[in-house]
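Below, chains carry the letters A, B, ... as their sequence lines are ordered, and counting in each starts from 1.
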Amino acid sequence: MGNSLQANLRDKVRVFANQQVWLEANAVAQLHTTAQLPHMHAAVGLPDLHAGRGYPIGAAFFSIGHFYPALVGGDIGCGMALWRTDLKAHKTSPAKLEKRLGSQEGPLPEALLHEAQAQASWRAVQALADAGALPSTTAMLEGSLGTIGGGNHFAELLACDRLYPDPANGDEGSADGAPALALDPRGVYLLVHSGSRGLGGAILREHVQAHGHAGLRAGSAAAQDYLRQHDAALAYAQLNRACIAQRFLRALRAEGELLLDVSHNHVHAACIDGLPGYLHRKGATPADAGPVVIPGSRGDYSYVVQPVAGRHEALDSLAHGAGRKWARSDCAGRLARFHADDLRKTRLGSAVVCSDKELLFEEAPQAYKEVDAVVASLVEAGLIRLLARLRPLLTYKKGAAPCC
DNA sequence: ATGTTC
């Protein structure tokens with residue numbers, strides 16, 4: 001108590017990963033380089049740490065007095081939403097789900113768009129866009145709403161593979177008072193990973209044009225302008241995930257209930273060890289927002305986990321997934337022995353819908369770390385407790401870009 | 001990441 005933040009953390013930079021986790025030297029180098037930025041007080045690498053464009057992904061950074069929009073990057077508000085559907089795993093199959101789902105490309109069906117536009121979050125974002133305070137127009141925001149996007153974004157249907165016993169002996173809630181998630185062992189779940197689509201990228205682009213990669217001084221006009229846009233991108237990204245879920249549920253003729261929605265790309269004012277500053281999460285899932293999902297690759301399990309209360313040494317952050325092992329550009333070569341159709345089924349028996357062949361290879365399970373080692377690292381560090389293991393049934397990725 | 005881009 002009363003020690004300085006850096007004394008408490010022992011070092012400015014900490015990495016939470018056990019011996020089983022693949023850590024690329026370049027990613028660790030990026031973590032240290034980023035930790036050297038002025039005003040930066042602490043940096044944490046989570047076990048999904050991997051190299052990005054200058055800044056590492058799977059990392060959290062705490063700065064004081066200034067913060068860094070460029071570090072948050074372009075996909076402001078990207079995150080995971082988990083829905084419980086009323087489908088039963090034993091009554092469906094990957095093939096049945098694929099058939100019912102059909103194509104989910106293109107803009108949101110009009111009825112769902114109107115529903116979304118009735119939401120308070122939409123009205124707030126639209127008001128900013130109409131006032132010229134966002135780099136995207138309302139029409140652009142409408143056009144992207146309810147679309148998954150590319151890269152590592154996906155919507156996935158999963159079965160509950162395993163529930164872990166509660167050490168607190170099964171009573172409601174967990175040790176830190178967070179409400180227990182009502183997970184049905186026979187249920188089918190819908191996991192949506194997407195973000196703010198074009199909006200976040202446009203915010204970053206405009207910001208970098210004006211300020212480069214320098215930090216913004218807290219409280220300055222530029223900082224306030226950025227945070228207003230950033231918060232709009234967070235709201236838009238969350239609404240986008242809800243819209244994706246709604247269109248999937250509609251296609252599946254299923255009802256759904258939102259269990260959690262958590263962003264892993266953002267910057268927030270935060271107090272760490274009593275010091276006020278800014279917490280940047282760059283592909284890092286909050287450990288202070290209740291239960292979260294740590295998804296594996298499309299051919300691996302995903303875990304629902306409960307962050308352990310009172311453990312702040314990882315800057316209140318967790319891995320946001322398995323983390324890449326291979327660069328996207330290496331995947332086609334390394335997986336040359338596979339045909340595209342080989343990659344449309346997985347070792348866990350799930351189906352993959354993805355008409356973009358390049359993306360099919362870039363996002364192959366082989367390109368990702370083993371999620372078990374990532375999750376084990378967090379358990380061993382005392383940061384999480386496992387609630388459930390989910391098994392993929394069907395992973396839906398972006399279709400091919402419309403051609404000609 | 002991307003109403004991408006040379």
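Interatomic distance, CD of A:Gln246 versus CG of A:Leu108, reported as 9.5 Å (0.5 Å rounding).
Backbone-only engagement by A:Gly198 is indicated by non-hydrogen atom pairs under 4.0 Å involving sugar-phosphate atoms exclusively. Note on A:Gly151: only backbone sugar-phosphate atoms sit closer than 4.0 angstrom, heavy atoms only; bases stay farther off. Among the atoms of the strands shown, base atoms are found under 4.0 Å from some heavy atom of A:Arg53. Within 4.0 Å of A:Gly200, counting heavy atoms only, lies no atom of the nucleic acid at all.
Atom-to-atom, CG of A:Asn240 to C1' of B:dA1 comes out at 13 Å; the value is rounded to the nearest Å. Between the CG atom of A:Leu141 and the P atom of B:dG3 there is a distance of 11 Å, rounded to whole Å. What separates CG of A:Asp356 from C1' of B:dA1 is a distance of 14 Å, to the nearest Å. Straight-line distance from the CG atom of A:Asp75 to the C1' atom of B:dT4: 13 Å, rounded to whole Å. Rounded to an integer number of Å, the gap from NE2 of A:His153 to P of B:dA1 is 5 Å. Atom CG of A:Leu199 is separated from atom P of B:dT2 by 12 Å (rounded to the nearest Å). Distance CD1 (A:Ile203) to P (B:dG3): 12 Å, rounded to an integer number of Å. Atom CG in A:Asn265 sits roughly 9 Å away from atom P in B:dA1 (whole-Å rounding).
Using a 4.0 Å cut-off, no side-chain N or O of A:His193 falls inside it from OP1 or OP2 of B:dA1. A close approach under 4.0 Å does not occur between any side-chain nitrogen or oxygen of A:Arg205 and OP1 or OP2 of B:dT2. Checking the phosphate oxygens (OP1, OP2) of B:dG3, a side-chain nitrogen or oxygen of A:Arg197 falls inside 4.0 Å.
Legend: ring pair (Phe, Tyr, Trp, His ring centres under 6.0 Å) pairs involving residues 316-352 of chain A, not counting sequence neighbours, sorted by first then second residue: A:His264-A:His320. Applying the ring pair (Phe, Tyr, Trp, His ring centres under 6.0 Å) test to pairs two or more places apart or on separate chains, those with a residue in residues 124-153 of chain A are A:His153-A:His193.
The shortest distance between side-chain heavy atoms of A:Tyr303 and A:Val374 does not fall below 4.5 Å.
Closest contact between the side chain of A:Lys398 and the listed nucleotides B:dA1, B:dG3, B:dT4 involves B:dT4.
In summary, the side chains of A:His280 and A:Tyr55 do not present any donor paired with an acceptor at a separation below 3.5 Å, with no hydrogens or angles considered.
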